[in-house]
Amino acid sequence: MVYTDTRNKNVKADFKTAVLNGMNVSTGGLYIPVSFPKLPDSFVKRIPEPSFREVAFEMAKPYVEGEIPDGDLEAIIQDAYPFTAKIVPIDHVSYVLELFHGPTCAFKDFGARFMARVMSYFNRSEDQNLHILVATSGDTGSAVGSAFHNVPGIDVTILYPEGKISPLQEKQLSTFTGNVRALKVKGTFDDCQKLVKTAFTDIDLRKKFRLSSANSINISRLLPQSFYYMYSSLVVKNRIPQDSKIEDPSIIVVVPSGNFGNLTSGLIAREMGAPIRGFVAATNSNHTVPDWIATGDYNARPSVATLSNAMDVGAPSNYERIAAMYSLDEVRSMFASYWTDDEGTLSAIKGCHDKTGYTIDPHGAVAWKAWNDIRHGAMEKLLSGEKGDFKKPGLTPNIPEWAKSVPEKKAVGIILETAHPAKFGSTVVSAIGREPSMPDRLEKVMSLPDNSIPMANDYDTFKDWLTSNL
Ligand SMILES: *Cc1c(COP(=O)(O)O)cnc(C)c1O
């Protein structure tokens, strides 16, 4: 596969270059494949549907062709995914896609684990270790740390702001041993990010060490997230006629979004033939993208803190990919957009629990609320001419091409549940008055010793530490 770049279509790169560089430093653009090959009908229409790992292999294959042989790709997928995504029906037209069955209980495990193994594969012929530096505001650090833990030839240094992440999140990233280390920085997330960026542009440091990043703009984190969209839509398509007697369903995937990496992966799956009619982009009060869809003007802004903190992004980095892949009209035909505030998020956790018995986390709750409103009249009001107001929480006034399937009762929702509710226990308690049950792997981490290393918010001190410890 040839990769090009969002800012200069003349750029051509192979997969290895795209993965190891992360972004194209000479243009500042993000890598995208030049095409999204459709999977054959014989695969997509197979009954029973293919397994998650079969889907992963078939989808990854065209993007690594000529660079990773089939047998090695198969091994990477087997090793990356000892877990899968689970599809849980919560009412007759709604399924929750649980993406938290990986080691850190968040969907980022799907992308980070594939990326780690691909990087290690491309690094195997080098005699010098690859050093990954990653700044985190919470969830990314643990997913990346866990994904690279004990991966040969690669070391990871995580920087996080001391006192600014939850105690559980801190445990999840500070208790690694061996090749993954965590620095607790006396500063904010932005300070951590600045230290990392300064290191990347430090010629002196780059001469001594091979440095790389692992942030969410890397194409090798994006491609694997498309696997579960394909897999879940095939499963739901096959079972909905039995579950609810709906023939020829119109599958709508509802995506709680921050940086819009997850949604971009969904668009890739649809290009490759996933039976997905359309999407709902659901955000919290950081509604830069819904506003863009409503008005046509894209205005990045500073982020505001919310209960669904992994979605607190005011300048979503994957907007650039979506805008390079599609016109605004195409975007408006594929996805509806929706936003809600903290009050709406709490009422959604409660509403979902009361109506269906399902305990959902604050991120998934934003998506559930969008879907619940759409099903209960919000889309029909727009269709019947109501104007809507994008400045208020709710559905933005643009009507996607799939909207008619809602009144026709053909619409079936897949709600992405991006984190386990136990990661956000106190928010869940304030909504439903009860702690969510704690999965084993989260409970275990709470009793491990904290190995974090204190770090001043000062580049020279950080550089000295890197020079003597890498
Ligand atoms: C990162 C994250 C999101 C947002 O995903 P994007 O790809 O950035 O849109 C949503 N939920 C959880 C739990 C996350 O960790």
Side-chain angles (χ1 to χ4, degrees), residues 1 3 13-23 31 33 52-53 56-57 59-84 102-104 106-136 139-159 172-173 175-182 196 199-200 205-206 208-227 261 265 466 469-470:
M1 175 65 71
Y3 292 78
D14 59 12
F15 185 56
K16 179 176 177 179
T17 307
V19 170
L20 293 181
N21 288 355
M23 68 191 281
Y31 291 107
F52 175 77
R53 288 176 203 89
F57 177 80
M59 288 185 85
K61 203 170 129 104
Y63 299 106
V64 307
E65 201 111 69
E67 297 181 70
I68 304 179
D70 284 2
D72 293 334
L73 178 61
E74 179 92 51
I76 287 172
I77 284 166
Q78 292 296 335
D79 194 48
Y81 304 118
F83 58 93
T84 67
T104 73
F107 88 97
K108 290 188 174 71
D109 286 330
F110 281 93
R113 290 178 67 84
F114 185 81
M115 173 176 67
R117 279 147 191 83
V118 165
M119 279 190 172
S120 160
Y121 184 84
F122 286 137
N123 196 52
R124 72 203 186 292
S125 48
E126 302 286 338
D127 37 349
Q128 215 191 346
N129 270 22
L130 189 64
H131 296 281
I132 310 276
L133 302 181
V134 59
T136 183
D139 278 345
T140 301
S142 51
V144 168
S146 160
F148 283 99
H149 193 219
N150 295 330
V151 170
I154 299 189
D155 294 320
V156 177
T157 303
I158 302 166
L159 287 82
Q172 280 192 290
L173 53 80
T175 52
F176 294 109
T177 52
N179 68 329
V180 178
R181 287 165 304 182
V196 168
F200 281 131
L205 205 58
R206 298 209 74 143
K208 292 197 186 100
F209 304 108
R210 296 180 59 229
L211 300 180
S212 188
S213 81
N215 59 21
S216 63
I217 56 175
N218 198 300
I219 190 74
S220 67
R221 270 181 68 174
L222 218 56
L223 293 173
Q225 292 173 176
S226 65
F227 305 161
S265 303
L466 288 177
N469 287 283
L470 288 192

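Here the structure is a predicted model, which means the values were calculated and not measured.
Looking only at side-chain heavy atoms (C-beta outward), K208 and L470 stay at 4.5 Å or farther from each other. The shortest distance between side-chain heavy atoms of S265 and F110 does not fall below 4.5 Å. Within the 4.5 Å cutoff, side-chain heavy atoms of Q225 are placed close to those of F107. Side chains of I77 and F114 form a contact here, defined as non-hydrogen atoms less than 4.5 Å apart. F83 has its side chain within reach of D109: a pair of non-hydrogen atoms, C-beta onward, lies under 4.5 Å apart. By the 4.5 Å heavy-atom criterion applied to side chains, V118 and K16 are not counted as neighbours. At a threshold of 4.5 Å between non-hydrogen side-chain atoms, the residues M115 and F148 count as touching. When side chains are defined from C-beta on, V196 does not count as touching V134, because their heavy atoms never get closer than 4.5 Å.
Expressed to the nearest 0.5 Å, how far CD1 of I158 lies from OG of S142 amounts to 7.5 Å. To the nearest 0.5 Å, the span separating OG1 on T84 from CZ on F227 amounts to 13.5 Å. The structure places NZ of K61 at 8.5 Å from CG of L73, a figure rounded to the nearest 0.5 Å. Taken to the nearest 0.5 Å, the CG atom of N21 stands 4.5 Å off from the OH atom of Y31. Atom CG of L133 is separated from atom CG of L466 by 6.0 Å, given to the nearest 0.5 angstrom. The CZ atom of F57 lies 10.5 Å from the CD1 atom of I76; values are rounded to the nearest 0.5 Å.
Here the closest heavy-atom approach between residue M119 and residue S212 is recorded as CE-OG, 3.9 Å. Across S146 and F176, no two heavy atoms sit closer than the pair N-CZ, 3.3 Å. S213 approaches N218 most closely through the heavy-atom pair O-ND2, 4.4 Å. Closest of all the heavy-atom pairs between A214 and I132 is CB-CG2, 3.5 Å. Of all the heavy atoms in R113 and P82, the pair that sits closest is NH2-CD, 3.8 Å. Listed here is the closest heavy atom pair of A116 and A147: CB-O, 3.4 Å.
The side-chain hydrogen bond (donor to acceptor under 3.5 Å, both in side chains) test applied to R53 returns no partner, not counting sequence neighbours. For D72, there are no salt bridge (charged side-chain N to carboxylate O under 4.0 Å, His left out) partners two or more places apart in sequence or in a different chain.
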Query - side chain to side chain contact (heavy atoms under 4.5 Å, CB included) assessment of R117 paired with I68 - result: CA-CA 12 Å; R117 279 147 191 83; I68 304 179; over 6 Å; no
Query raised in the report: Would S220 and Y63 satisfy side chain to side chain contact (heavy atoms under 4.5 Å, CB included), going step by step from the backbone distance to the final call?
Result: CA-CA 10 Å; S220 67; Y63 299 106; over 6 Å; no
Query - Criterion salt bridge (Lys or Arg N to Asp or Glu O under 4.0 Å) on K108 and D139, from CA distance to verdict - result: CA-CA 8 Å; K108 290 188 174 71; D139 278 345; 5.1 Å; no
Query raised in the report: Stepwise, does the side chain to side chain contact (heavy atoms under 4.5 Å, CB included) test hold for R221 with V144?
Result: CA-CA 10 Å; R221 270 181 68 174; V144 168; 4.2 Å; yes
Query raised in the report: For N123 and R210, what are the C-alpha separation, side-chain angles and deciding distance, and is it a side-chain hydrogen bond (donor to acceptor under 3.5 Å, both in side chains)?
Result: CA-CA 10 Å; N123 196 52; R210 296 180 59 229; 2.5 Å; yes
Query raised in the report: After noting the C-alpha distance and the side-chain angles of L130 and F122, does the key distance pass the side chain to side chain contact (heavy atoms under 4.5 Å, CB included) rule?
Result: CA-CA 10 Å; L130 189 64; F122 286 137; over 6 Å; no
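A cation-pi geometry, defined here as NZ or CZ lying under 6.0 Å from the six-membered ring centre and within 45° of its normal, holds between R124 and Y121.
Distance alone, capped at 3.5 Å, is enough to place a donor-acceptor pair between the R181 side chain and the N469 backbone. Judged by distance alone, the side chain of N179 and the main-chain N or O of N150 form a donor-acceptor pair under 3.5 Å.
T17 and D14 are linked by a side-chain donor-acceptor pair at a separation below 3.5 angstrom, with hydrogens and angles left out of the test.
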